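Report on the structure given below.
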Amino acid sequence: MPEREVLARFWCEVLGFVVLDREDDGSVEIGPREGFGGPQPTIIRSRRDEPEKGKSRLQIDVNATDRDQDAELERLLKLGARPADIGQTGDEPWHVLTDPEGNEFCLLKARLAPL
């Protein structure tokens, strides 16, 4: 399976999104089931022949809203996320992870609805 498809599948599972569009150049757009134009953003994964040098200028932070942080961490690891060490002390209220392509993202403390 092409790397873009693996990454699209991973982020669709993480965010509850679906693939909305695939372009002939290999770009993949994912977003909410309602499609483009709603209140939620879409994400386009463009094809690149060469890896980008240096650190990415975009970082995604994930907050669980329907489970606690430990349960969400377990779910993300099962989906293919991996822990990343960027010099954390261990006292941070978030986890630094990478997606299957090695892009860093953070799992923040869960934001559960009050009971």
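On a predicted model such as this, the values are computed, not experimentally measured, just so you know. Values below: every heavy atom of this structure, side chains too, minus hydrogens, waters and symmetry copies.
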field: Heavy-atom pair with the smallest gap, counting every atom of Arg33 and Val18
entry: NH1-CG1, 3.4 Å
message: Using every non-hydrogen atom in the two residues, find where Ala71 and Arg67 come nearest and quote the distance to one decimal.
response: C-CD, 3.9 Å
message: Holding to side chain to side chain donor-acceptor pair (under 3.5 Å), I want the full list of residues that pass it with Glu92, two or more places apart in sequence or in another chain.
response: Thr89
message: Quick check on the 6.0 Å ring-centre criterion: do Trp94 and Phe105 meet it?
response: no
field: CD-CG distance between Glu34 and Leu20, expressed to the nearest 0.5 angstrom
entry: 9.5 Å
message: For Asp61, give me all partners under side chain to side chain donor-acceptor pair (under 3.5 Å), at least two apart in sequence or on another chain.
response: Gln59
query: What closest approach, in Å, do Leu77 and Arg82 show between heavy atoms, and which atom pair accounts for it?
result: O-NH1, 3.5 Å
task: State whether the side chain of Gln88 and the backbone N or O of Ile86 hold a donor-acceptor pair below 3.5 Å, judged by distance alone.
output: yes
Atom pair CG/SG of Asn63 and Cys106 - distance to nearest 0.5 Å: 10.5 Å
- prompt: Hey, mind stepping through Arg9 and Glu13 against salt bridge (Lys or Arg N to Asp or Glu O under 4.0 Å) and telling me if it holds?
  reply: CA-CA 6 Å; Arg9 181 184 298 171; Glu13 288 293 324; over 6 Å; no
message: If we check side-chain contact (heavy atoms from CB on, under 4.5 Å) with Leu107, which of these qualifies: Val96, Leu73, Asp70, Val14?
response: Leu73
- prompt: Are Glu5 and Arg22 ion-paired here, with the side-chain N under 4.0 Å from a carboxylate O?
  reply: yes
Which atom of Leu7 lies closest to which atom of Pro100, heavy atoms considered: CD1-CD, 3.9 Å
- request: Please name the pair of heavy atoms, one in Val62 and one in Trp11, separated by the smallest distance, quoted to 0.1 Å.
  value: CG2-CZ3, 4.2 Å
statement: Distance col, row His95:NE2 vs Gln69:CD, nearest 0.5 angstrom, shows 4.0 Å
field: Pairwise distance CD(Glu72) to CG(Leu76) - rounded to 0.5 angstrom
entry: 4.5 Å
query: How long is the span from the CG atom in Leu79 to the SG atom in Cys12, to the nearest 0.5 Å?
result: 11.0 Å
task: Determine the minimum heavy-atom distance between Leu97 and Pro83, stating which atoms define it.
output: CD2-CA, 3.8 Å
- prompt: CG of Asn103 to CD1 of Ile60: how many Å apart, nearest 0.5 Å?
  reply: 8.0 Å
